[in-house]
Each structure stands twice: as C-alpha cells, then as structure tokens.
Participant: 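The structure under discussion is supplied below as structure tokens; questions concerning it will follow.
Start at 1 and go down the list; that is how both ligands and their atoms are numbered.
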Amino acid sequence: MNTLKAVLAASTMLSVVTTASAVDLEVTHWWTSGGEAAAVAEFAKAFDATGNKWVDGAIAGGGNTARPVMISRITGGDPMGATQFNHGQQAAELVEAGFMRDLTDLAEQEGWRDAIEPSSLLDSCTLDGKIYCVPVNIHSWEWLWLSNKAFEDAGVPVPTNWDEFVAAAPALEKAGKIPLAVGSQSWQIHGVFRVLLISLAGPEIYQKVYGEKDAEVAAGPEIAKIFKAADDARKMAARSNVQDWNQATNLVITDKAGGQIIGDWAQGDFQVAGEVAGEDYTCLPGLGVGKALETGGDAFYFPSVDDPEISSAQDELARVMLDPEVQVAFNLKKGSVPVRGDIDQSAANDCMKKGLAILEGGGAVPSQEQLMSPDIINQINDLMTEFFSTPSMTPEDAQQRFAGIIGSAS
Ligand code: BGC
C-alpha cells in the first residue's frame, strides 16, 4: 500500500468507529515534564474526540517510581484502563499471570504486523503468538545534548565528539559551568554508562554483554575502556546536584551545564523552552562517534476487565494511538520516532533526521529493556549509582562487580 492510501485507509477507519457509550478511561504513565505533558495531551485530545474521556493518571518521579505503583494497582485489583511500560520485559510477569488483555484480533483487523516498524517492537508485545500491547514510539538513549552558549562562555568550540567534550571540561569548570548534568536517579546514571558502551565500544560488544550476557567480555579490555570513560563522566558530573532528568536538561537549556547524556525525549523539553537545534543546542547521536541507536520506547498495555464497554474503549484508544496523524502529532512533541513505517516524517527536526538516518542505515539495536530482565537492570542501576557517588571506588572494582551481575543473568 502506498503512503497516501495507508493514511487515508487508517484515518477512515478511525472516523467510522462509533462508541456504544462514552467511557472514562484512566491512563497511567510517567510523562510529567513539559515536553512529555505536551505530547501526552495529543493522545488525550484524539481519544476525547472519539466521545470517550481520557482520565490522566500521570505518576511523577520517573519510570522507576511509577512502575511499582502501576504493577501493584494491577495485581491488587485496582486496574487502570491502560498503562505505559517500556518496550521489553517490564510487563512480562503481568502478561503471564493473565492480567493483560489479548489484543491479537484487533491487531489483525488493523494490520499492525504490516504497519509497525521495526517488527521487534511488536515482538516485544508478543507472548506465545498473542499480542498484548501497542507500541507508540521509538526512543533512543544514545544522545549527547550540548548548550552552545555554555561553550561560548567558556571560550571553547562546541565539541563534536566525546573526547572533545572531556577535553573541554576544565574550561567549562573554569567558567563556572557543570560539564555534565546527570540527574541522581539510578536509571539516569546507568543511562550514561549504556550510552558510553554502545557508542564507544560499538553494538557488537553491547550485544555480547547485554544480549548474550557474556561475563568474559564484560570483564575484558573493551569494557575496561568504558569504565575509564565512566570515570571521566562521574568527575564531570560531580557538581550536578539535581534529581529528575528534566532538571538536568534544564541546566543545559539555561546554559549552566555543558551537556547531558539522555534519551531523545529531551527534545520535547528543548522545544517547549523555545530552543532551536543547531542554534541554541547541539545534538550528537552516538556521542559523535557511534553509529548505533537503541530502538527502545513506550508501549501501552490494557488490563483485562469484565466490562464490554471498557474493553471497547480500550480498543478505541489502541486504534487512536496508532492512527497515522496522531502518531505524527504525538511523536513530534515527544522527540521520538513514529512506529509506523508508512507515514510522512518530513516535519522531523534536524536531530530527529540525524536519528532517522542512523536507524535507516542499519544502526538499530534492541534496547536494554528488551534484552534484560528488570531485576538485572536494577542491579546495574544500583552499581552505577554507587560508582558515581563513591569517588574511592575504582573503575576496576566497578567493572568486576558489573561482570559478576552480567554473569548471573540468564
Ligand atoms: C520513556 C520515555 C520518557 C522517559 C523519561 C523513558 O523510560 O521511554 O518516554 O520520556 O522515560 O520520563
């Protein structure tokens, strides 16, 4: 099907769907920054246009705070209408225990297998051949966001890669800037490490360590180099005294920090602040060196409820989230890439275009959440937090413990 036909077919489908009666559907998620709120409002607007009502269940504090709340509500008999999780294994136990609706029939009617790219996103929703979630975006972690003015104030050129960034740190310090802004939550600190690993050691080493759980490679020389880079990063982040990721982004937006390593959701906040890529800030995918991006992001799951009206509103929301126009509107504000391969990406900003070029050039790698269990990821999160907050812990000690965790993962 050509692009125009696909758009028309899908939007006609959306407009002829009628709801038996209006339903209030609570949707939980952890999208609370300025950019995230602007993006989620696009979903809410499109769902409300079907006659139903989006009841916003935002949970502040980031994914690691929100997920336990979501899980205990579902297992405790107080399910929401729909909930966010990352692509991957975060909802696996809930699906196995029968808490989530099987969306296979809807997926077949709507042609999700043909429309969703890469197919690994739908695979992450699939258990025993049945589909349990709707992927809504592709987010990648492998980005360094730089404040152009911070470097101008420090009298040094804006770096074009990781080594130049590390070399510029003393000048930034001298000018009173924080070289690297990192929020103190453990997932953000591990985020810095995973980006150093994929970008500087390359996707093959990443696949060996996070994919195949090869403890020997994790203890070897390639990863030793990454712990050295992480040692540079923790020194550059020593004065970064913020908690949430968007507070760290704000240090870059206000030119108090040189840069931040975080996923492309940061673009939503740069946009809300009126910042322009290339003029006010610079984005370096792969830290200016790597040619691989994780295809992580978000998917929505729909808890099973014994109420046909709620089920039909859930179906409607699933359709809305994949509607071509809604996909474009939501993802432009979110800083992510649409999951449909059949829609127009021309409105993407310069950074998104760089990301798309890498993905289209064969640089897509599975996200860490797709490769590892939440338990192992949490153990690495904790180790990285300890490494960043304990200057006396050597990179060698940290690497040894890292290899131990990788070796214990199945
Ligand atoms: C989600 C993003 C979100 C980010 C920060 C990630 O886990 O995939 O959608 O913007 O967390 O809240």
Side-chain angles (χ1 to χ4, degrees), residues 27-44 56-71 82-91 120-121 124-125 133-143 145 181-195 242-250 252-253 260-273 283 293-301 321 326-327 329-339 351-352 355 365-372 374 377-378 380-381:
V27 188
T28 52
H29 56 83
W30 59 88
W31 288 330
T32 55
S33 79
E36 290 173 327
V40 81
E42 293 290 341
F43 277 158
D56 199 71
I59 301 172
N64 277 17
T65 309
R67 284 189 296 274
V69 177
M70 294 160 171
I71 292 169
T83 191
Q84 173 196 9
F85 282 106
N86 290 125
H87 300 314
Q89 304 179 19
Q90 289 167 354
S120 61
L121 300 183
S124 284
C125 291
C133 68
V134 184
V136 299
N137 60 14
I138 303 168
H139 266 310
S140 50
W141 257 99
E142 289 68 30
W143 294 87
W145 309 95
V182 184
S184 60
Q185 293 167 340
S186 62
W187 65 275
Q188 295 176 60
I189 301 176
H190 183 187
V192 171
F193 180 82
R194 77 201 254 182
V195 174
V242 287
Q243 173 93 4
D244 296 332
W245 71 266
N246 53 310
Q247 294 174 316
T249 308
N250 198 47
V252 179
I253 290 172
Q260 180 187 19
I261 294 175
I262 196 86
D264 45 8
W265 49 85
Q267 296 188 91
D269 278 44
F270 280 111
Q271 269 164 207
V272 166
C283 56
L293 299 177
E294 282 174 73
T295 48
D298 306 290
F300 278 81
Y301 291 75
M321 286 176 155
V326 177
Q327 271 287 303
F330 167 78
N331 282 297
L332 282 177
K333 294 209 168 146
K334 190 70 180 65
S336 44
V337 173
V339 295
C351 295
M352 289 175 188
V365 296
S367 72
Q368 173 186 280
E369 287 77 11
Q370 289 172 306
L371 297 175
M372 297 204 297
I377 294 175
N378 280 337
I380 306 175
N381 287 351

Participant: Identify, by atom number and element, the atoms of ligand 1 in contact range of K334, meaning under 4.0 Å from any of its heavy atoms.
Facilitator: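 Near K334, meaning under 4.0 Å from one of its heavy atoms, ligand 1 has 2 (C), 3 (C), 9 (O), 10 (O).
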Participant: Measure from the side-chain N and O atoms of Q267 to the backbone N and O of G335, and report whether any donor-acceptor pair falls under 3.5 Å.
Facilitator: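 Yes; at least one donor-acceptor contact below 3.5 Å.
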Participant: Parallel, tilted or perpendicular: which describes the rings of W143 and W145, with under 30° parallel and over 60° perpendicular?
Facilitator: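 Rings of W143 and W145: parallel, under 30°.
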Participant: Angle between ring planes, W31 versus F43, binned at 30° and 60°: parallel, tilted or perpendicular?
Facilitator: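 Correct class here is tilted.
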Participant: Under 4.0 Å from any heavy atom of N86, which atoms of ligand 1 are there?
Facilitator: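 Answer for ligand 1: 1 (C), 6 (C), 7 (O), 8 (O).
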Participant: Identify the closest protein heavy atom to atom 6 (C) of ligand 1: which residue and atom is it, and at what distance?
Facilitator: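 Atom 6 (C) of ligand 1 sits closest to the protein heavy atom W30 NE1, 3.7 Å.
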Participant: For D298 and ligand 1, does the shortest N/O to N/O distance drop below 3.5 Å?
Facilitator: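 By distance alone, the answer is yes.
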Participant: Parallel under 30°, tilted from 30 to 60°, perpendicular over 60°: which one fits the rings of W187 and W265?
Facilitator: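 It falls in the tilted class, 30° to 60°.
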Participant: Roughly how far apart are M70 CE and T28 OG1, rounded to 0.5 Å?
Facilitator: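 Here the interatomic distance stands at 4.0 Å.
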Participant: Applying the ring-ring contact (aromatic ring centres under 6.0 Å, His included) test to F85, which of W30, Y301, F300 qualifies?
Facilitator: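 The single option meeting the ring-ring contact (aromatic ring centres under 6.0 Å, His included) with F85 is Y301.
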Participant: Would you check the N or O atoms of E36, main chain and side chain alike, for any that come under 3.5 Å of an N or O of ligand 1?
Facilitator: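 Checking ligand 1 against E36, an N or O pair does fall under 3.5 Å apart.
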Participant: What part of T32, side chain, backbone, both or neither, has a heavy atom within less than 4.0 angstrom of ligand 1?
Facilitator: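 It is neither; nothing of T32 touches ligand 1.
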Participant: Quick check: does W187 get an N/O under 3.5 Å from an N/O on ligand 1?
Facilitator: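 It does not: no N or O of W187 is found under 3.5 Å from an N or O of ligand 1.
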